[in-house]
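Note sheet for the following structure.
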Amino acid sequence: MTDTIDQGALPVHIGFIMDGNGRWAKEQGLPRTAGHKKGAEVVRLVIEHAKKRGIQIVTLYAFSTENWKRPKAEVKTLLDLFRKYMNEDIRELQKQGIRVSFIGEREKFPADMVARMNEIERETMGNKDFRVILALNYGFRDDMIYAIKKIASDILDRKYLISSIDEAKVNAALSTHDTPYPDLIIRTSGDQRLSNFLMWESAYAELYFTPIYWPDFNEHDLDDAIEAYGRRSRRFGNIAS
Ligand code: FPP
């Protein structure tokens, strides 16, 4: 790998489906939770490297609406990791001028976490250098249901007519309303699906699947994904120019 990517377009917004923590741990003969701990270190590295590469926004799928089905002990480990991340790492990101926000229904988390999420968003709102979005208790279907309810209630309140519902109004009702659509979605661990992640927003995203487990994913793998993106021809339904 070279150190500079000198051809092709750079994605503005990358979404990460961080998969394979459990399989990584199993292959090392470790408990699944060890995979999540190593995964949290990779989150640090990926944010740092994406920023260095000139990416402007990263969205990380850290906990889905379906992940509550996991054994209690695993959910607890993940929550403890998120709490630690919010109290330690995010303070560091804050110092670096990074804006951090969350998508997903946060009220399901313990009150101290909700308070910290609100505080982080408030305190970093004005930061412009780079943006990190953590998807926590996020699922696209829930987000879409919320959006439909919001649009229905706006119509009942006579804010606008049914005939004026368009892409912009749907966007405005989604939790991702203040970010551009992702250009590239990277999923680690070999599985090739979106798993309820940003499904409206990713309609024209380039999808990049790598067999590497998330705990093994490193800056060179991110460079590979960015380079692969640069070689893609994005036509958005149009023809090549
Ligand atoms: C998927 O791997 C990963 C998760 C459900 C959790 C993601 C969490 C992290 C990467 C660590 C903490 C993150 C932050 C932001 C501090 P899996 O457990 O489904 O792996 P498997 O498919 O191999 O079982």
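Counting convention: from 1, in listed order, for ligands and their atoms alike.
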ask   = Do any nitrogen or oxygen atoms of Arg23 come within less than 3.5 Å of a nitrogen or oxygen of ligand 1?
value = yes

ask   = Do the charged groups of Asp154 and Arg158 touch, with an N to O distance under 4.0 Å?
value = no

inquiry  = Quick test: of every protein heavy atom, which one is nearest to atom 6 (C) of ligand 1, and how far off is it to 0.1 Å?
reply    = Ala62 O, 3.4 Å

Heavy-atom closest pair, residues Gln96 and Asp129 = O-OD2, 3.7 Å

request  = Answer yes or no for Asp19: is there a heavy-atom contact with ligand 1 below 4.0 Å?
outcome  = yes

inquiry  = Among all protein heavy atoms in this structure, tell me which lies nearest to atom 3 (C) of ligand 1, with the distance rounded to 0.1 Å.
reply    = Met18 O, 3.1 Å

note = Residue, atom and distance of the protein heavy atom nearest atom 24 (O) of ligand 1 read Arg32 NH1, 3.0 Å

ask   = Going by distance only, is there an N or O of Tyr85 that falls short of 3.5 Å from an N or O of ligand 1?
value = no

request  = Provide, to 0.1 Å, the distance between atom 5 (C) of ligand 1 and the closest protein heavy atom, together with that atom's residue and name.
outcome  = Asn67 OD1, 3.6 Å

message = For atom 13 (C) of ligand 1, what is the closest protein heavy atom, and at what distance to 0.1 Å?
response = Phe82 CE2, 3.7 Å

note = Applying side chain to side chain contact (heavy atoms under 4.5 Å, CB included) to Thr124 and not counting sequence neighbours gives Gln94, Arg99, Val100, Ile120, Asn127

key: Contact atoms of ligand 1, heavy-atom distance to Trp214 under 4.0 Å   = 10 (C)

message = Less than 4.0 angstrom from a charged side-chain N to a carboxylate O is my criterion; do Glu119 and Arg116 meet it?
response = yes

query = Any N or O on Gly22 sitting closer than 3.5 Å to an N or O of ligand 1?
reply = yes

message = Students often mix this up, so state it plainly: with edges at 30° and 60°, are the rings of Phe109 and Trp68 parallel, tilted or perpendicular?
response = tilted

message = For atom 15 (C) of ligand 1, what's the nearest protein heavy-atom neighbour? Residue, atom name and distance, please.
response = Leu134 CD2, 3.9 Å

query = Is there a donor in the side chain of Thr179 and an acceptor in the side chain of His13, or the other way round, less than 3.5 Å apart?
reply = no

Which pairs would a plain distance check flag for residues 140-149, meaning a side-chain donor or acceptor within less than 3.5 Å of a matching protein atom at least two apart in sequence or in another chain?
{"unit_1": "Asp143", "atom_1": "OD1", "unit_2": "Ser175", "atom_2": "OG", "d": "3.2"}
{"unit_1": "Asp143", "atom_1": "OD2", "unit_2": "Ser175", "atom_2": "N", "d": "3.1"}
{"unit_1": "Asp143", "atom_1": "OD2", "unit_2": "Ser175", "atom_2": "OG", "d": "2.8"}

request  = Flag Tyr61 as yes when one of its N or O atoms lies below 3.5 Å from any N or O atom of ligand 1, and as no otherwise.
outcome  = no

ask   = Can a salt bridge be assigned to the pair Arg106 and Glu121 using a cut-off of 4.0 Å between side-chain N and carboxylate O?
value = yes

ask   = What's the shortest distance from atom 11 (C) of ligand 1 to any protein heavy atom, and which residue and atom give it?
value = His36 O, 3.4 Å

ask   = Between Lys69 and Glu66, is there a salt bridge with N-O shorter than 4.0 Å?
value = no

query = Asn21 to ligand 1: N or O pair under 3.5 Å?
reply = yes

key: salt_bridge(Glu48, Lys52) N-O dist < 4.0 Å   = no

query = Between Arg70 and ligand 1, does any nitrogen or oxygen pair lie at a separation below 3.5 Å?
reply = yes

